[in-house]
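Note sheet for the following structure.
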Amino acid sequence: MLEIRTFEGTSHELSEFVSTVWQSTYRNRMPIPLWTERFFDWQITWMPTEQRVYCLAAYDGSRLAGTLLGEEFSFRWFDQIVRGSQGSWLTVDPEYRGQRVAAQMVAELKRRQKERGAPFQIGYGYQGSVFSLGPKFWKKNPVDTLTLAKLGFWVRVIEPSAVANWELNRIEGAAARCLKWFQRQPDRWEIDATIREYRPEDLDACLPLATRLAEGTDVSLIWERSRLEHQLAGRGFPKTLVCEIDGEVRGFINYHVLDYCGRGTISVALIDLMAFGELPADRRSMLLRGALKAIQREGVQLAMALRPPSVPKRTLFSAGFLPRLADQAVLMTKMVPEFNPGRPRRFHVLWR
């Protein structure tokens with residue numbers, strides 16, 4: 001008999017389970033991240049078990065049968081401050097599909113969030129492939145789960161041939177290959193001494209910069225000091241670069257690197273945060289180019305960022321980023337029926 005309870009295992013167990021199930025389901029069908037042990041240690045298991053309130057698992061005895069993982073955040077939702085969660089990694093072992101495993105986990109999540117006064121969860125559904133199971137599951141109950149908007153990525157191809165060979169879409173692969181003829185690569189840029197690696201003492205300067213990411217948005221994460229500290233350098237997994245002018249940190253870029261499975265495997269840098277504050281245009285470009293140069297030195301073939309509302313398009317274009325089609329549906333699941341989300345269109349939330 002299945003039991004739904006807090007995930008109690010290790011990051012190694014989580015990585016083995018989620019990556020194995022996703023690869024067996026989606027390999028050669030759609031691109032997927034290969035979530036590593038270090039990634040899950042940064043995202044999930046860094047929290048003590050008693051704090052993983054929204055990290056749920058379905059167990060058949062000692063066997064892991066499913067996961068639904070989330071983290072509690074404070075959000076600014078229009079003019080309100082409200083607690084909610086951001087979730088991902090809905091995964092069910094193929095042997096247990098058809099047994100309402102996912103539905104049972106969602107029911108337990110609703111119970112916990114209602115108990116804690118957290119009326120919603122934000123997540124994503126990939127709509128770029130007919131094989132994607134997530135949107136099909138969440139849309140079974142359109143009263144509880146709403147599609148708020150569609151977002152796309154800005155992508156920066158660093159190794160065109162590698163990305164072309166990896167792409168499942170042959171047209172996009174051919175387009176990536178063409179970039180080698182006219183796109184300047186990061187190793188040819190000169191980066192000055194204002195761009196450097198993040199240090200722990202930079203946190204106080206980074207916090208107001210992160211807070212400004214909410215400007216111009218309808219829905220935004222509220223960065224608390226300890227959570228931002230973990231985002232920027234937790235467990236030694238993410239990387240952060242800052243722009244320091246006259247002894248003051250004026251902007252930062254934060255990213256992490258994972259392998260992605262397509263036709264083969266490539267290394268991808270996902271830029272989570274680009275906080276430019278009041279940096280002039282040339283300093284924004286220098287910081288972004290410095291980050292891409294550091295990413296290239298790590299042997300990464302592709303960088304991408306969920307379309308950030310706070311970053312001018314000209315800054316992204318100047319560094320060689322190109323927009324992809326909006327294939328990420330922002331999904332909101334109501335944990336209490338009376339929560340009214342309105343019609344948000346501009347978001348600052350992490351992509352997971």
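The basis for the numbers below is simple: all heavy atoms, side chains too, and nothing from hydrogens, waters or symmetry mates. All of these numbers come straight from a predicted model, not from anything done at the bench. Residue indices begin at 1 and follow the sequence shown.
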Do [X] and [Y] make a side-chain contact, defined as non-hydrogen atoms from C-beta onward lying under 4.5 Å apart?
X: D272; Y: P238; answer: no
X: W77; Y: P344; answer: yes
X: W154; Y: V311; answer: no
X: V249; Y: Y198; answer: no
X: L168; Y: P31; answer: yes
X: Q296; Y: W189; answer: no
X: Y54; Y: R116; answer: yes
X: I295; Y: P186; answer: no

Is any NZ, NE, NH1 or NH2 atom of the basic residue among [X] and [Y] found under 4.0 Å from an Asp or Glu carboxylate oxygen of the other?
X: R289; Y: D192; value: no
X: R297; Y: D187; value: no
X: E224; Y: R83; value: yes
X: R112; Y: E115; value: no
X: R352; Y: E71; value: no

- Message: Would you say CZ of R314 has more than 12 non-hydrogen atoms from neighbouring residues, nucleotides or ligands within 6.0 angstrom?
- Response: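 Check fails, neighbour count at 12 or below.
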- Item | Within 6.0 angstrom of E50 CD, more than 12 heavy atoms from elsewhere |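 Yes, enclosed.
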Is a side-chain N or O of [X] found less than 3.5 angstrom from the main chain of [Y], in a donor-acceptor match?
X: Q183; Y: G320; result: yes
X: K136; Y: V130; result: yes
X: T315; Y: S285; result: no
X: S129; Y: F131; result: yes

- Candidate pair L151 and R307, rule side-chain contact (heavy atoms from CB on, under 4.5 Å), full reasoning: CA-CA 7 Å; L151 300 180; R307 294 184 188 176; 5.6 Å; no
- Item | Of all pairs that satisfy salt bridge (charged side-chain N to carboxylate O under 4.0 Å, His left out), the ones with a partner from residues 155-168, not counting sequence neighbours |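 Residue pairs with at least one partner in residues 155-168: E167-R324.
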- Task: Would you please name every residue forming a salt bridge (charged side-chain N to carboxylate O under 4.0 Å, His left out) with R212, sequence neighbours left out?
- Result: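 Checked R212 against salt bridge (charged side-chain N to carboxylate O under 4.0 Å, His left out); matches are E215, E278.
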- Message: side-chain contact (heavy atoms from CB on, under 4.5 Å), that's the test. Do D202 and R196 meet it? Break it down for me.
- Response: CA-CA 11 Å; D202 298 327; R196 61 166 175 81; 2.9 Å; yes
- Task: Start with the C-alpha gap between I253 and L288, add the side-chain angles, then the distance that decides, and say whether side-chain contact (heavy atoms from CB on, under 4.5 Å) holds.
- Result: CA-CA 7 Å; I253 288 178; L288 184 51; 3.7 Å; yes
- Item | Among F40, W351, W42, the one residue meeting ring-ring contact (aromatic ring centres under 6.0 Å, His included) with H256 |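 Among F40, W351, W42, the one that satisfies the ring-ring contact (aromatic ring centres under 6.0 Å, His included) with H256 is W42.
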- Task: Check C206 against L232 and note the closest heavy-atom contact, atom names and distance.
- Result: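 Answer, listing the atom of C206 first, then L232: CB-CD1, 4.0 Å.
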- Message: Does R5 qualify as a cation-pi partner of Y59, given the criterion of NZ or CZ under 6.0 Å from the six-membered ring centre and within 45 degrees of its axis?
- Response: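 The answer is yes, since R5 meets both limits relative to Y59.
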